[in-house]
Amino acid sequence: MSSSTTARTARRRTLRVAAAALVAAAGLTLTACSGANAAGPKPAAHTDKSAAADSSAAGWSGLQSTHAKAGAAAETSAKSGKAASPVRTQRLADGISTAEISKLGDQHYRAKIVARGAVLATMETNKGDAGLDANDMFVTLTLDGQVHSWMGGGHQGPGTFKLAGGWTAKVTKTGDAHYRAQIIGHDGVAATLEANQQDTGVDANGIYIVLSAGGVISAHA
C-alpha cells in the first residue's frame, strides 16, 4: 500500500472518530437539558402549591378571626344595650287594648298597642306627634308621652271636613296610600299632616287629630 493511500485512510478514520464524538457529545447535552426541563418545574410547582396553600390557610384563618371578632363585638353591644322599660300602661277607648308607653329620650316616646297579650301596633314620636287608626279606634301619642284615644268620628277623604275645636281639614290624595291634610284655623293653615304608607297624628292645641294612610281623618277634644 502506498504512503498516500495510508494517509487518506488515516484521515477518514480520524474524521469518523471526531463525528462519533460530536454525536455522543450532542446526545449528552440533549439528555442533560431534557433532565433539567423535566425536573426543574416540578420542585417549583410544588413550592408554588405549598405557598398557595399556606396563603389560603392564612386567608381563611384571617377571615374566621374577623368574623369571630365581629360576632363578639355584636354580642357585647347587644349585652350592653338597655331596652326601654314602660313608663306606664294605659287602657284605650275600645276597653280591650292597652298602650305600654316607654320613654326613649327627650320628646321621644314609644307606645306599644297590646291586646290579649299580643302587640298589635307600635307608635313612636321622634320630632313629631304620632297617630294611629286601629279599626275605627283612633290613637295619638304626643311628644310629651301622652296617649289619647277615641272611637269613631272618621271622615273619608279626599274632601274638606269640619273637625272638633273649630278646625277644618282639607284632605287630598297624593299617591297610593298617601294622603295629605291641611289643618286650617281662623288664621289659615296651622299644620299639614302627611300620611305616606303610615298613619300620622297631631296635637292641635288640645284637639287630637289622626290621618290614616287610607285617607280617613278624625279629631277629638
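Since we're looking at a predicted model, the values are computed, not measured.
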* Can you list every salt bridge (charged side-chain N to carboxylate O under 4.0 Å, His left out) pair that touches residues 172-182, not counting sequence neighbours? ->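 Passing the test, one end in residues 172-182: R180-E194.
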What is the distance from atom [atom1] of [X] to atom [atom2] of [Y], rounded to the nearest 0.5 Å?
X    : Y    : atom1 : atom2 : answer
F161 : T168 : CZ    : OG1   : 11.0 Å
H178 : N196 : NE2   : CG    : 4.0 Å
R110 : K103 : CZ    : NZ    : 14.5 Å
L193 : D199 : CG    : CG    : 11.0 Å
T140 : H220 : OG1   : NE2   : 10.5 Å
S102 : R88  : OG    : CZ    : 10.0 Å

Side-chain contact, heavy-atom cut-off 4.5 Å: [X] with [Y]?
X    : Y    : value
Y179 : P158 : yes
V139 : V210 : no
I101 : Q146 : no
L104 : E124 : yes

If hydrophobic clusters are built from ILVMFWY residues whose side chains come within less than 4.5 Å, do [X] and [Y] share one?
X    : Y    : value
I207 : W150 : no
I183 : Y208 : no
V216 : L132 : no
L141 : L92  : yes

Determine the minimum heavy-atom distance between [X] and [Y], stating which atoms define it.
X    : Y    : result
M137 : S97  : CE-OG, 3.5 Å
A169 : I217 : CB-CD1, 3.5 Å
A164 : A219 : N-CB, 4.2 Å
V171 : A181 : CG2-CB, 4.1 Å

For [X] and [Y], indicate whether the former's side chain and the latter's backbone hold a donor-acceptor pair under 3.5 Å.
X    : Y    : value
S149 : A93  : yes
D129 : L143 : yes
T125 : Y109 : yes
Q90  : V147 : yes
D133 : F138 : no
Q156 : G214 : yes

* To do: Report the C-alpha distance between H155 and L163 in whole Å, list the side-chain angles of each, state the deciding distance to 0.1 Å, and finish with yes or no for side chain to side chain contact (heavy atoms under 4.5 Å, CB included).
  => CA-CA 9 Å; H155 303 280; L163 302 180; 4.1 Å; yes
